[in-house]
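One structure is given below, encoded as structure tokens.
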Amino acid sequence: MRIRLPDFDSQRVAVISRALVESSLRMRSMAFLSQVKMSLLVDTIHENDEPLDYMRQIRNSVVVESDDWMDLPVKISEEARELQQMTLTMERRRDELRVFLADQMRNLRRSETRFHQLFELIPDAVGIHQNGLWLFVNPAMVSIFSAESQEYMVGTPILDRVHPEDREKARWRVHRVMTEGKAAPLIVERLLRFDGSEFYGEVQGIPFSQVGKEAVVMTVMRDVTERMQVEAKSRQLTAAVEHTAEVIMISDAHACIEYVNPAFEMMTGYSSLEVVGEFASILRCDCHDSAFFRKIDAVVKSGNIWTGEVIIKDRHGNLITTDRSVSPVISSDGTVLNYITVMRDVTKEKNMQAKMEHTQRLESLGVLAGGIAHDFNNILTVIMGNAALGRCELEDTAPALMHLARIEESSKRAAELCKQMLAYSGKGKFLVKAVSLSLMVEGIVKLLEVSVSKNVVLKLHLAEALPAVDADVAQLQQIIMNLVINASDAINKKSGVVSLSTGMMHADAKYLEGAFVADDISPGEFVFLEVADTGCGMDEATQKRVFDPFFTTKFTGRGLGMSAVLGIARGHHGAIKMYSEVGQGTTFKLLLPVSEAQVSDVEESESLGDWCGAGTILIVDDEESIREMAGMMLRRMGFDTLTAENGEHGLEVYRQHQSEIIAVLLDMTMPKLDGKGCFRELRRINKDVRVILSSGYNEEDATSRFAGQGLSGFIQKPYSPKDLREKIQAIFHT
């Protein structure tokens, strides 16, 4: 029999025990009397009666030996004592049970109190819901949803607090918790406060209990909007650090590397696995001493940011110039915890800056050289013209003829020097045509063999069927001669080889980066001339100045040869690459754009025979000596002359004598109104006017401003009477 312990009563057990003893005694007395009665009855029945056996059996079933009856009181007393002992034991157990139950009830009440306090005070929002409605919510739940009170929120639909776009997913999650009885995974979803504002909540549903057929679910949530914003910013910062082109390196207070971004690997060639845990000195080179880095360390440890240029060494030993900033991460007690280093590769920028400065310096000198050459040509024009006219006035036996011839010869040499200066300034092209570089080299080598030292061997490696280049033959010849003679001089008295090679190549932007005057040309196909020698080579300082005008390593040199080479290359829209090493020799490589035209043959000048002019020619020039000299030359040819000192004066004279003027010799550079403006106004007066332009600059540079405007001819200063006669003859012959 199952007994509920709280209903146990020891007194009731004692009463039941006494009743059992009394019942037992009564039953035994009744059994004894029955036995006596049965014995008397059996004795009255005859042996042959049928009920005899049956009655005997009944009697035997209730027979009690006389000894049992004697011991019965003793047994009853013993059983009563045992029962009493059991009663005492049960009473003691009852008391213990009461104490235990009292303790349990006190613990339960304390546990309930603690649970209630925990439920009320826990910062996480906790709510219990059933059938899609809130049954109970703690104060944190009221606060997180900005509800008026717990009572205000209880009974409202739980899905109303979920963003409309996330409600279907939330409904499915609640259904899964209710049907499967398992806690839902922790997720972050968008929630709505009672005022309609949104926030991000971290939510988890947990099965709470089963009431009827519908499960009760407990939902725990936390407002993680701020955390999500921080994580979003952290992701943005991480993405910025990971994808920035600048190198970011974080090291500890002992300069041990803790982090590098992907740009570090691209710059240095080291992976993060290779450098994390290593000291930052792994990037150091011999360009900076220890004192340099101690200064950086002192600035950063003082709490300041150090900025400057540092040269580092990459994994392959290449030197990289970096623009670097080093910032400290300082703790609250002023201790430097980390160094944050940001680096940017400025090697190309530094090279480009140096190259630009060099180019600007050369361009400035080129402008100066061009201006000097222009003015000098004006002076030479007067000297050469007057010397030529003087020879014409003297007899063949006159002693002064020799002196005039020397004046003319010296003037021609000075004119050649002016041509070199103009070539350096990039204004030295005169007659451009499509030519074959290989054929030109092959033709000029025969002349160069007598100019180079006898201990120098010239070797040719000329490509056949090269595409043509647009160039001035005379100036390309000057490049070849200058490069070969310089190569021969570099070998000096030792035996050596000068190799001349031609060919075709594709030059990309990277290849052209290290070239001189390659800024204004585009990558593409180029014909090249390479002149290499086995001479002494050049150190870095010499290489930096090799194209500077008036810089020379020769005792008798003028320093215009290589500057002229550079100017000619610039004028031909080409580039020059240079390779040199002390003791190993030097190589110059000239690159010229491929021409679309075919190779041209040299045209011979047409002979016009003897010719005598007639009519009036107007001379417009701001140099009086040139006006006088040109007038004498023209008058000897049979012309009459008129002169004007500038463009405005020239227009005035032309308007007055238009009917008699057959041509105008016009200077390019003049005050008040230059040659271009004067020519434009002359064409307005008479569209058929014949104008010969005169300038100290080259023909292409001077006449490019008159393209398609009907210019009759061009003559470059200085010019001789023969040169002027040929130009005048040419325009009237045409």
Side-chain angles (χ1 to χ4, degrees), residues 105-243 332:
M105 291 300 293
R106 285 193 297 271
N107 292 336
L108 180 60
R109 284 193 293 270
R110 284 196 296 267
S111 178
E112 288 178 353
T113 302
R114 287 194 298 267
F115 176 75
H116 182 75
Q117 292 176 346
L118 178 64
F119 194 76
E120 291 291 324
L121 300 177
I122 188 171
D124 289 338
V126 181
I128 298 173
H129 56 87
Q130 185 182 30
N131 296 323
L133 302 175
W134 292 111
L135 297 179
F136 180 80
V137 294
N138 70 341
M141 182 72 79
V142 175
S143 176
I144 198 174
F145 284 108
S146 299
E148 295 180 1
S149 63
Q150 291 174 289
E151 293 75 12
Y152 180 83
M153 190 170 178
V154 170
T156 60
I158 62 172
L159 292 180
D160 285 356
R161 306 277 61 83
V162 181
H163 193 279
E165 296 180 3
D166 297 340
R167 284 176 185 172
E168 190 60 34
K169 183 170 61 176
R171 182 180 291 107
W172 177 83
R173 283 168 51 82
V174 172
H175 176 74
R176 183 177 178 182
V177 172
M178 293 168 53
T179 55
E180 297 182 1
K182 297 180 180 179
L186 187 68
I187 66 165
V188 175
E189 59 185 0
R190 291 174 294 176
L191 303 175
L192 294 176
R193 299 184 180 93
F194 278 91
D195 60 6
S197 59
E198 298 181 15
F199 69 97
Y200 284 95
E202 193 175 59
V203 183
Q204 185 172 29
I206 304 169
F208 188 65
S209 65
Q210 187 77 25
V211 179
K213 295 182 179 180
E214 189 68 28
V216 178
V217 179
M218 181 173 66
T219 297
V220 182
M221 61 182 64
R222 178 181 300 172
D223 187 349
V224 294
T225 304
E226 185 176 351
R227 191 188 76 187
M228 294 291 291
Q229 293 173 348
V230 171
E231 290 178 354
K233 290 182 179 179
S234 178
R235 286 192 297 270
Q236 290 176 348
L237 290 175
T238 301
V241 170
E242 292 288 324
H243 294 90
S332 57

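For the numbers below, each heavy atom of this structure counts, side chains included, while hydrogens, waters and symmetry mates do not.
Residues Ala184 and Val177 approach most closely at CB-CG2, 3.6 Å, considering heavy atoms.
Sorted by first and then second residue, the pairs that involve residues 149-176 and meet ring-ring contact (aromatic ring centres under 6.0 Å, His included), not counting sequence neighbours, are Tyr152-Phe194. Residue pairs satisfying the salt bridge (Lys or Arg N to Asp or Glu O under 4.0 Å) criterion with at least one member in residues 169-178, sequence neighbours excluded, are listed as follows: Glu168-Arg171, Arg176-Glu180. Within the structure, the salt bridge (Lys or Arg N to Asp or Glu O under 4.0 Å) test picks out no pair touching residues 135-160 (sequence neighbours left out).
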As a quick check of understanding, evaluate side-chain contact (heavy atoms from CB on, under 4.5 Å) for Thr156 and Met153, giving each step before the final call. CA-CA 6 Å; Thr156 60; Met153 190 170 178; 4.1 Å; yes
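The side-chain hydrogen bond (donor to acceptor under 3.5 Å, both in side chains) search around Ser143 returns none, not counting sequence neighbours. For Phe199, the ring pair (Phe, Tyr, Trp, His ring centres under 6.0 Å) partners two or more places apart in sequence, or in a different chain, are Phe145. Every residue meeting the side-chain contact (heavy atoms from CB on, under 4.5 Å) condition with Leu133, not counting sequence neighbours, appears here in chain and number order: Pro157. The side-chain contact (heavy atoms from CB on, under 4.5 Å) check on Glu189 picks up Val162, Asp166, Ala170, Ile187, Leu191, Val203, with sequence neighbours excluded. Every residue was checked against the side-chain hydrogen bond (donor to acceptor under 3.5 Å, both in side chains) condition with Ser332, not counting sequence neighbours, and none meets it.
Put simply, the side chain of Met141 does not reach to within 4.5 Å of the side chain of Gln150, judged on heavy atoms.
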Under 3.5 Å donor-acceptor pairs involving side-chain atoms of residues 230-242, not counting sequence neighbours:
residue, atom, partner, partner atom, Å
Glu231, OE2, Arg227, NE, 3.4
Thr238, OG1, Ser234, O, 2.7
Glu242, OE2, Tyr259, OH, 2.6

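Taking CZ of Arg193 as the start and CG of Asp223 as the end, the distance is 5.5 Å to the nearest 0.5 Å. From Arg167, atom CZ reaches atom CZ of Arg190 across 11.0 Å, with rounding to the nearest 0.5 Å. Considering CZ of Arg161 and CG of Leu192, their distance stands at 6.5 Å, rounded to 0.5 Å. Note: Asn131 CG to Ile158 CD1 = 10.0 Å, rounded to the nearest 0.5 Å. Separating the CG atom in Asp124 from the OG1 atom in Thr219 is a distance of 12.5 Å, to the nearest 0.5 Å.
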